[in-house]
S.K.: 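There's a structure below that I have some questions on.
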Amino acid sequence: MHLRVNEFNLQHTLESGQFFRYYLKDGFYYVISGNNFFKIRQQGKNLEFLGTKRKFVQQFLGLNHDFETVKKQFSKDKYLNTAMKQYSGLRIMKQNQWETLISFICSSASNIPKITKNVNLLAENFGKKINFENETAFAMPMIGEMNDLAKIKNCKVGFRAKYLFEANRIPTDFFDIIKNLNYTDAVSQLTTLNGVGEKIADCVLLFGCNRLEAFPVDVWIKRVVQELYFDNKETNNKEIKKFGQEKFGKNAGYANQYLYHWRRNQ
DNA sequence: CGTCAGGTAGCCA
DNA sequence: TGGCTACCTGAC
């Protein structure tokens, strides 16, 4: 199956650290999300995929976002304008919410290779086996399926094990409730979970819930925002976030991603 | 060996 | 509120 795309780059999107469950083989990305196990590649404006539905791909990869508006809005800012050119086509994904929560609970004081290892181990230990072509993968466990603390610890998640174990007890409609809350209340709701602070809550809202106004502040965002917009003045995370959301508004999350990658790869 | 990494909770002023 | 520090694990 095919999709025509504009202002989209599959590699920049999948490899941006929003999402951890993909691998490259024979020129295709093999992707696991929910019960979907599919392959996909991009050739110019053509997106070719097999194993899932067109509608899923469109939503999952943020292809339904109004990117022209984002581009127009950000081109007025000289830093964002540069960052956006360098990482052109990077979209905010709309992943499975619960899987996003698990992934970003694993992310605290960690790094991408380790987070990837952790989520893959969780899937192998608790998830359902899925086959596609001659490939085998494991889906992430669903809510309630990680009911074994010792086994979670075997997934090398360290001090995050108890957080995952507790998160596993959220009601199955947890994210339906989140969906109907305004941004501030959604953050509050997420941060009631142990191991989920402001930053992880923002990542879940941004990458899993399509809340593009979220502005996760990690060490890199703090660094880049201070350097570019605060004349290198030491500024706390709360102020950084307030600045990001007021300056970039409903697309703050997009600004966040571009600035993040720009600074990290400097 | 020590330090540090996509943070957060707990404790104390 | 603001400023510590410990926390699993793995990579320098």
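Chain identifiers are assigned alphabetically (A, B, ...) following the order of the sequence lines, protein sequences preceding nucleic acid strands; residue numbering begins at 1 within each chain.
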S.K.: Distance check needed: dC8(C) P versus F165(A) CZ, whole Å only.
M.R.: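 Rounded to whole Å, this separation is 16 Å.
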
S.K.: What does the B/S/- profile of nucleotides 7-13 of chain B look like, 5' to 3', with a 4.0 Å heavy-atom cutoff to protein?
M.R.: BSS----

S.K.: Take atom CG of D66(A) as the centre, draw a 6.0 Å sphere, and report whether it contains more than 12 heavy atoms from other residues, nucleotides or ligands.
M.R.: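 Counting neighbours around CG of D66(A), more than 12 heavy atoms of other residues, nucleotides or ligands fall under 6.0 Å, so yes.
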
S.K.: Between D231(A) (side chain only) and K233(A) (backbone N and O only), is there a donor and an acceptor less than 3.5 Å apart?
M.R.: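 Checked: no pair found.
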
S.K.: Starting from C1' on dA5(B), measure out to NZ on K222(A) and report it in whole angstrom.
M.R.: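 One finds 16 Å between C1' of dA5(B) and NZ of K222(A), rounded.
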
S.K.: Check for a donor-acceptor pair, side chain of N6(A) on one end and backbone N or O of K45(A) on the other, with a separation under 3.5 Å.
M.R.: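 Absent.
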
S.K.: Salt bridge or not for K222(A) and E239(A), using N-O below 4.0 Å?
M.R.: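 No, K222(A) and E239(A) are not salt-bridged.
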
S.K.: Counting a pair only when it is Watson-Crick or G-U and both distances are under 3.5 Å, which runs of at least 3 such pairs involve DNA chain C?
M.R.: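 Only these stems qualify: B:2-5 with C:9-12, B:7-13 with C:1-7.
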
S.K.: Is there a side chain to side chain contact (heavy atoms under 4.5 Å, CB included) between F174(A) and Q189(A) once you walk through the steps?
M.R.: CA-CA 9 Å; F174(A) 183 83; Q189(A) 188 63 38; 3.8 Å; yes

S.K.: Starting at CD of E145(A), measure out to CE of M140(A) and round the result to the nearest 0.5 Å.
M.R.: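 Output value for this atom pair is 11.0 Å.
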
S.K.: In the hydrophobic cluster built from side-chain contacts under 4.5 Å, what are the other members alongside F49(A)?
M.R.: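 When side chains under 4.5 Å apart are linked, the cluster holding F49(A) also contains M1(A), L3(A), V5(A), F8(A), L10(A), L14(A), F19(A), Y22(A), L24(A), Y29(A), V31(A), F38(A), I40(A), L47(A), F56(A), V57(A), F60(A), L61(A), L63(A), M93(A).
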
S.K.: Atom CG of L50(A) and atom NZ of K39(A): how far apart are they, to the nearest 0.5 Å?
M.R.: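 One gets 6.0 Å once the value is rounded to the nearest 0.5 Å.
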
S.K.: When you measure from every atom of DNA chain B, which of residues 81-89 of chain A have a heavy atom less than 4.0 Å away?
M.R.: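 Listed by number, there are none.
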
S.K.: In whole angstroms, how far is the P atom of dG6(B) from the CZ atom of F207(A)?
M.R.: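 Rounding to the nearest Å, CZ of F207(A) and P of dG6(B) are 14 Å apart.
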
S.K.: For DNA chain B, find the residues of residues 90-105 of chain A with a heavy-atom distance under 4.0 Å and give them by number; none if there aren't any.
M.R.: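 Residues of residues 90-105 of chain A that come under 4.0 Å of DNA chain B do not exist, since none gets that close.
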
S.K.: Ignoring hydrogens and geometry beyond distance, is a side-chain donor-acceptor pair present between E133(A) and Y30(A) at under 3.5 Å?
M.R.: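 There is such a pair (donor and acceptor under 3.5 Å, judged by atom type) between the side chains of E133(A) and Y30(A).
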
S.K.: Hey, what are the protein-to-nucleotides 10-12 of chain C N/O distances that come in under 3.5 Å?
M.R.:
residue	atom	partner	partner atom	Å
dG10(C)	OP1	K117(A)	NZ	3.1

S.K.: What's the spacing between N256(A) CG and Q245(A) CD if we round to 0.5 Å?
M.R.: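 These two atoms lie 9.5 Å from each other.
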
S.K.: So how far is it from L101(A) CG to L193(A) CG, rounded to the nearest 0.5 Å?
M.R.: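 So the gap between those two atoms works out to 6.0 Å.
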
S.K.: Look up atom CZ in R54(A) and atom OG1 in T52(A), then write down how far apart they are to the nearest 0.5 Å.
M.R.: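 The CZ atom of R54(A) sits 11.0 Å away from the OG1 atom of T52(A).
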
S.K.: Test side chain to side chain contact (heavy atoms under 4.5 Å, CB included) on L80(A) and L259(A); report intermediate values, then the result.
M.R.: CA-CA 7 Å; L80(A) 264 185; L259(A) 291 173; 3.9 Å; yes

S.K.: Expressed in whole Å, how much space separates the C1' atoms belonging to dA11(C) and dT8(B)?
M.R.: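 Looking at atom C1' only, dA11(C) and dT8(B) are 22 Å apart.
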
S.K.: Taking CZ from R264(A) and C1' from dG6(B), how many angstroms apart are they, rounded to a whole number?
M.R.: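 Those two atoms, CZ and C1', are 7 Å apart.
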
S.K.: Could you check, using the six-membered ring where one of them is a Trp, whether F243(A) and F215(A) have ring centers closer than 6.0 angstrom?
M.R.: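 Judged by ring-centre distance (under 6.0 Å), F243(A) and F215(A) do not meet the cut-off.
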
S.K.: Name the nucleic acid region contacted by R160(A), choosing base, sugar-phosphate or nothing; use a 4.0 angstrom heavy-atom cut-off, strictly under.
M.R.: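 Since a base atom lies under 4.0 Å of R160(A), the category is base.
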
S.K.: Side-chain polar contacts of residues 197-212 of chain A - donor-acceptor pairs under 3.5 angstrom, sequence neighbours left out - could you list them?
M.R.:
residue	atom	partner	partner atom	Å
E198(A)	OE2	K241(A)	NZ	2.6
D202(A)	OD1	Y183(A)	OH	2.5
D202(A)	OD1	K241(A)	NZ	3.4
D202(A)	OD2	Y183(A)	OH	3.4
D202(A)	OD2	K241(A)	NZ	2.8
N210(A)	OD1	H65(A)	NE2	2.8
R211(A)	NH1	L181(A)	O	3.3
R211(A)	NH2	I178(A)	O	3.1
R211(A)	NH2	K179(A)	O	3.3
R211(A)	NH2	L181(A)	O	2.6

S.K.: Could you list, one pair per line, each protein nitrogen or oxygen that sits under 3.5 Å from a nitrogen or oxygen of nucleotides 1-4 of chain C, together with the distance?
M.R.:
none

S.K.: Mind checking I221(A) for me? I need base, sugar-phosphate or nothing, with any heavy atom below 4.0 Å counting as a touch.
M.R.: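 No contact.
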
S.K.: Can you tell me the distance, in whole Å, between the CD1 atom of I112(A) and the C1' atom of dC4(B)?
M.R.: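 Spelled out: CD1 on I112(A) to C1' on dC4(B) is 16 Å.
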
S.K.: Could you work out the separation of dG3(C) and dG6(B) based on their C1' atoms and round it to a whole Å?
M.R.: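 The same atom, C1', in both gives a distance of 22 Å.
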
S.K.: Among all residues two or more places apart in sequence or in another chain, which pass the side-chain hydrogen bond (donor to acceptor under 3.5 Å, both in side chains) test with E135(A)?
M.R.: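 With neighbours one apart ignored, the set is Y23(A), K25(A).
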
S.K.: Only pairs under 3.5 Å count here: list side-chain donor-acceptor contacts from residues 102-110 of chain A, not counting sequence neighbours, and write none if there are none.
M.R.:
residue	atom	partner	partner atom	Å
S103(A)	OG	E99(A)	O	2.7
S107(A)	OG	F104(A)	O	2.7
S108(A)	OG	R160(A)	NE	3.4

S.K.: According to side chain to side chain contact (heavy atoms under 4.5 Å, CB included), who are the partners of K129(A), at least two apart in sequence or on a separate chain?
M.R.: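 Result, side chain to side chain contact (heavy atoms under 4.5 Å, CB included) vs K129(A): T136(A), F138(A).
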
S.K.: Residues in salt bridge (Lys or Arg N to Asp or Glu O under 4.0 Å) with K247(A), at least two apart?
M.R.: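 Per chain and number, K247(A) pairs via salt bridge (Lys or Arg N to Asp or Glu O under 4.0 Å) with D77(A).
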
S.K.: Using the P atom as the reference point in each nucleotide, state the distance between dT3(B) and dA6(C) in Å, no decimals.
M.R.: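 That atom pair is separated by 12 Å.
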
S.K.: What is the distance from CD1 of I115(A) to C1' of dT9(C), rounded to the nearest Å?
M.R.: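 Nearest whole value for this atom pair: 13 Å.
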
